[in-house]
Amino acid sequence: MLKIYNTLTGKKEPFEPITPKMVRMYVCGVTVYDYCHIGHARSALVFDVLRRYLEYSGYAVTFVKNFTDVDDKIIKRAHEQGVSCDAVTAKYIQAYHEDMGKLGIRAATEEPKATEHIADIIQLTEQLVTKGLAYVVDGDVYFEVSKYPEYGRLSKRRLEDLQAGARVDVDERKHHAMDFALWKSSKPGEPTWESPWGPGRPGWHIECSAMSIRHLGETFDIHGGGMDLIFPHHENEIAQSCGSTGKEFARYWVHNGFVQINKEKMSKSLGNFFTIREIFEKSEWPEAVMGEILRYFLLSTHYHGPLDFSDQALKEGKSALNGFYDLFNRLNESGQGTALGEQQLRARLAEAKQAFEVAMGDDLNTPVALAAFQTLRSEVNKLLSQGLSSEARKIARDEFQALGDTFGLFHKDLDSQWPFAMNSSASVTQNIINQSWSDQASYQGQSQTAKPFSAAVIASIDKQIEERTEARKRKDFSKADEIKKRLTEQGIIIEDKPDGTTRWKR
RNA sequence: GGCGCCGUACCCAAGUGGUAAGGGAGCAGUCUGCAAAACUGCGAUGCAGCGGUUCGAACCCGCUCGGCGCCUCCA
């Protein structure tokens, strides 16, 4: 049973879908006018994990995540760059898929675009005009918030309070300062579509109402997004959707907290703004490894709270994962064990699975779920030191992958290429910040250790290990240490096993 | 002015009424030719501060201090 915090009620509630065993969820994606930053990554990952956990729990999930591809910021960006809006949106949609793909975030069931739903948007707007909830002024259509008594329910605000805070120039033609545009007449050079009110384009919030209703129906289960969308975006979506259909819109509203830098919200003016691609580019770690580290980091705090991005946070994620992959490497080796050992292992695995499910069922408590993984790691290590058969090891490794899959962690593909030694040498954030100061000149060559070793290099290392093993057998420890020193300088870590053989890792 | 969040050990971070999870770092030990890894032990009588409610409070209430967010585009 999943309990989830619902912004609408301000409470943690048992999750019950409208249709048993089926979940329909909509998450606000991005407005595609720039590259995604680490905050977008958090939001995308949180809802990816929610979706995966629902699927893990046996639900069939229809997951819709939109692209807003018509908007003031896009138009501005297109003008700045002297290209079409289509060129801007196409570029950043592709970038979105690339960046989120590196983070292991699955594509949604449907990823609709606003521009593909203009007819739906016009229809929705017409309904609101007909019902008297919207009015037309000079080719613009505004939603009239004072005609919708429930306005402010989601964000717990009263219209009077909002009015007091309005300090931006108010359009004189609006009946109320908080009235917002459903449809805007377009100026020359802007994207435009024919409508009952003349040529124009959609307003800021209507596209999500149109797309969610089109793909999920008038009432659906979960609507998600970042905290900052609660007001005005989601508040307005509710007003438009409920106002138009007369029905309940989304039943559970789920919002993730911000990624911060030094306890402050990221912003370009503070220079503390990190895009996903910068982080991958400036990292010394291979892409798949960096993706794993970022996922571990992003899930190490409960989704509802703030999360500070820093090099230290990344290092802690890396250290934690080192422990898991160290264990996985040992699980991948063959070994002998007892029936009792295997029995105990199965018990520990069952406990971990249970702990994982309890944690996730409690409002997606990913930090506690990770703690359950850590506990399991420790328990398996103990059993391993007592001896586990090859079969038992495989069972354990498979279970780690099965449980980790909800988080996109512990993929077997990474076992053989996990870089243990590269722990702390470089600063990702400094690399990014320094780049803007010094044009990236000083950070070349840093990724040499990130590339997988070639077969020739591996053969060479194996040969040296063999020489060292021979030397150790002869008790020629000075020779053995000399070889070890040489390997250490290449970033190779040596581990001598009790049976006299040696494993190595980087 | 209005709405809201946060303050738990050196660091990160769970816990929202029943006697402080987990990780990282550190220290000590076992193992090891040395190491690495693993394992074992140590580590908050205490949860920003002060009052209150309660048999019992990190959790509830009040006040104070400190940090932050939203009310305008924003994940």
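To find a chain, count down the sequence lines: A is the first, B the second, and so on, and within it residues start at 1.
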Once you apply a heavy-atom cut-off of 4.0 Å, does [X] come out as touching a base, just sugar-phosphate, or nothing?
| X | value |
| --- | --- |
| A:F258 | base |
| A:G39 | base |
| A:H37 | base |
| A:V46 | nothing |
| A:G257 | base |

G-U wobble or Watson-Crick pairing nucleotide for B:G7 (cut-off 3.5 Å, both distances) | B:C65
What does B:G46 pair with, Watson-Crick or G-U, if both distances are under 3.5 Å?
-> none
The ring pair (Phe, Tyr, Trp, His ring centres under 6.0 Å) partners of A:H79 (sequence neighbours excluded) come to none
5′-ward residue of the pair A:L229/A:S155 relative to RNA chain B | A:S155
Counting only distance, no hydrogens or angles, is the base of B:C74 paired donor-acceptor with the side chain of A:K73 under 3.5 Å?
-> no
What string of B, S and - do you get for nucleotides 34-44 of chain B, 5' to 3', if B is base contact, S is sugar-phosphate-only contact and - is no contact with any protein heavy atom under 4.0 Å?
-> BBBSSSS----
What residues, two or more places apart in sequence or in another chain, satisfy side chain to side chain donor-acceptor pair (under 3.5 Å) together with A:Q374?
-> A:Y296, A:R377
